[in-house]
Undergrad: 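I'd like to ask some things about the structure below.
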Amino acid sequence: MTSMELRKEFLDFFESKGHKIVPSSSLLPSDPSVLLTTAGMQQFKEYFIGQKDPQKDFGAKKIATCQKCFRVKDINDVSDASHHTFFEMLGNFSFNDYFKKEAIEFAWEFLTTKLRLDPERLHITIFEGNELVPKDEEAKKIWLEKIGIRQERIKEFGMKDNFWGPVSGAGPCGPGSEIHYDNGQEFSKNKCTIKGCGPNCECGRFVEIWNLVFTEYDKQLARDGEYEYKQLKYKNIDTGMGFERVLAILQNKPSAYETDIFFPIIQQIDKQIAGLYDVNPKPYRIIADHIRGACFLIADGIVPSNLDKGYILRRILRRAIRYGRVLNLSSDFLIPLARKVIEGYKDIYPELGDEQDNIISVIQGEEEKFNKTLEKGLKQFGKLISKISVEQTGNSKIISGEDAFTLYQSYGFPIELTKELAKEEGFEIDEKDFRRALVEHQDISRAGVEKKFGGHGIEGSKIKNDKIIKLHTATHLLHSALRQILGNEIRQMGSNINEERLRFDFSFDRKMSVQEIKQTQDLVNQKISENLEVKKQKMEYKQAIIQGALAFFKEKYPDIVTVYSIGDFSKEICAGPHVEKTGEIGKFKIIKEQSSSAGIRRIKATIE
Ligand code: SER
């Protein structure tokens with residue numbers, strides 16, 4: 001079965017069982033508590049907790065998807081037979097519709113009749129229970145009595161393996177029942193003979209292919225500061241099948257890298273160095289995984305930077321480039337690979353085709369940039385290793401944080417890359433010391449940035465007219481709105497106002513979506529229409545900070561500062577002046593959102 005056929009089989013099957021097919025959501029989740037989409041359920045979080053009505057929004061309470069996912073935590077396992085950064089997850093979901101029995105029956109029917117997997121190779125796990133959540137006797141009974149699985153092929157595991165979620169500390173979650181596939185003893189490293197070898201054995205023989213999660217709890221912080229699991233009002237189903245894993249099984253390949261989704265990329269790499277894949281698959285696999293992930297991240301609007309999502313993209317691109325060196329590939333090897341990825345996926349994910357030029361130019365830019373420093377950086381690293389080998393004796397040899405920081409700062413080596421290089425040589429990095437060096441350096445550059453941009457710099461030395469004052473208050477509203485829409489990690493990097501418009505620069509690693517721009521504009525206008533009072537207070541600088549006032553230009557502030565608060569929406573240390581009530585501002589309009597420099601976005605807005 002081809003990859004195209006597998007996606008279709010899955011979605012057709014669930015459609016025939018009354019499910020509505022919903023497209024994959026972006027890798028950039030609407031839920032700001034997570035960095036990237038890591039599971040199919042993420043776009044449905046609000047439906048699980050009853051905040052939104054699936055019937056109203058989708059016309060159905062049963063849904064099936066093929067969802068783009070990206071898991072940073074698996075990055076170091078990439079190149080084994082079952083982990084990827086980017087991957088596709090096939091899932092069926094029920095919001096207060098069917099529950100355990102149907103979910104288990106659907107999964108079994110699909111695997112054994114549609115995919116025709118040998119039932120004797122399928123093994124089951126269920127949640128063993130703990131002091132907070134009871135053992136899943138119900139699921140066990142269904143497997144035993146309705147499906148007819150023999151007792152010895154059902155194993156029980158704890159929270160780590162058989163309880164899913166919540167994604168970010170709190171939220172919908174529940175016990176799960178997993179289906180594992182037995183690849184046979186030839187897949188087992190060292191031909192494992194452990195008596196308990198079975199699902200979750202690390203030998204590699206068994207692979208988890210489908211996780212059926214019975215989402216019936218909401219994990220929340222209780223009054224006493226501990227988490228508690230409250231029963232959700234509704235019982236839901238969230239399942240996730242590993243598309244790449246199942247594909248490898250269906251195509252009878254050792255891993256997804258030999259299936260139709262990856263093999264064209266592997267072959268493209270092999271064009272330059274013919275025939276090494278069988279001998280040394282690791283670099284090929286890492287490059288193939290990372291270039292695929294990079295194309296999808298860029299298609300969803302991410303650009304390389306040193307922050308959050310942009311940093312993840314930079315990290316995988318630079319790691320792929322470094323592995324290109326290991327294989328002695330030409331310095332521009334990534335572009336033909338990116339083209340293969342786009343070609344292979346654009347019919348399923350049109351954003352890859354639409355963003356083709358952008359994807360190629362972003363990768364080209366990063367490749368050129370890193371190529372300039374990689375060679376020198378590797379030499380520097382080699383020197384460092386020799387020096388430390390002479391200076392340090394004993395088993396563990398440590399690269400100092402300062403040295404790792406130099407590689408980061410002057411040669412563009414992400415810390416994880418240096419760590420990986422160090423590990424290959426049997427060295428470790430003093431990461432704590434590296435973080436300290438990073439923070440120290442950031443303080444220096446922040447001071448530099450502050451000097452350059454000033455506060456809400458107002459052009460001309462005098463406040464000229466009312467419009468400027470209105471734009472000034474609008475800037476405070478915009479600042480808070482951006483933090484609410486994009487997340488509190490955004491930082492003001494500069495501000496400038498003239499009679500025509502305001503200009504606001506802030507740290508953020510990607511283009512804002514049209515929807516985010518609209519949400520921001522709407523939020524500012526909402527605060528204007530609430531006609532909030534703008535209050536001015538003098539207080540000690542320390543007090544202002546304790547109260548949560550935003551301040552970016554610390555060293556310039558005197559001990560006593562002026563704080564402007566707008567309702568309870570905004571609080572900033574600022575010299576003013578401002579309007580008295582937000583209603584005076586008029587209608588706020590964002591006219592442009594663009595890049596200002598790497599990792600910094602710029603908004604221009606006006607008032608009417
Ligand atoms: N949310 C579960 C998972 O990611 C099932 O979809 O495994």
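Since the model is a prediction, treat every value here as computed from it, not as a measurement. Order of listing sets the numbers, starting from 1, for every ligand and every atom in it. For reference, positions follow the sequence shown, starting with 1.
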Undergrad: Looking at R285 and E258, does any basic side-chain N land under 4.0 Å from a carboxylate oxygen?
TA: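 Yes, this pair counts.
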Undergrad: Taking only heavy atoms of A39, which atoms of ligand 1 are found under 4.0 Å from at least one of them?
TA: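 That gives atoms 4 (O) of ligand 1.
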Undergrad: Without hydrogens or angle criteria, can the side chains of Q220 and D218 be said to hold a donor-acceptor pair below 3.5 Å?
TA: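 Short answer, yes.
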Undergrad: Among all the protein's non-hydrogen atoms, which is closest to atom 7 (O) of ligand 1, and how far away is it?
TA: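 The closest heavy atom on the protein side is N211 ND2, 3.1 Å.
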Undergrad: Just do the side chain to side chain contact (heavy atoms under 4.5 Å, CB included) check on V167 and K45 with the steps written out, would you?
TA: CA-CA 10 Å; V167 187; K45 206 169 144 185; 5.6 Å; no
Undergrad: Do G240 and ligand 1 have an N or O pair less than 3.5 Å apart?
TA: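 Min N/O separation from ligand 1 is below 3.5 Å for G240.
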Undergrad: Under 4.5 Å between any side-chain heavy atoms of D289 and Y257, yes or no?
TA: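 Heavy-atom side-chain distance check passes, below 4.5 Å.
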Undergrad: List every atom of ligand 1 that sits less than 4.0 Å from any heavy atom of T239, numbering the atoms from 1 in the order shown and giving each element.
TA: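 Matching atoms, with element in brackets: 5 (C), 6 (O).
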Undergrad: What atoms in ligand 1 come closer than 4.0 Å to a heavy atom of V213?
TA: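 Matching atoms, with element in brackets: 2 (C), 5 (C).
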Undergrad: CD of Q185: more than 12 outside heavy atoms within 6.0 angstrom?
TA: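 Result for CD/Q185: enclosed.
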Undergrad: Give the residue and atom name of whichever protein heavy atom lies nearest to atom 1 (N) of ligand 1, and the separation in Å to one decimal.
TA: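 For this ligand atom, the closest protein heavy atom is D238 OD2, 2.8 Å.
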Undergrad: For R71 and ligand 1, answer yes if some heavy atom of the residue is under 4.0 Å from a ligand atom, otherwise no.
TA: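 Distance cut 4.0 Å: R71 passes for ligand 1.
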Undergrad: In the protein, what heavy atom is nearest to atom 3 (C) of ligand 1, and what distance, to one decimal place, separates them?
TA: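 Answer, as residue, atom name and distance: W164 NE1, 3.3 Å.
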Undergrad: If you apply the rule salt bridge (Lys or Arg N to Asp or Glu O under 4.0 Å), what do you find for E416 with R318, and how did you get there?
TA: CA-CA 10 Å; E416 297 81 5; R318 294 192 172 192; over 6 Å; no
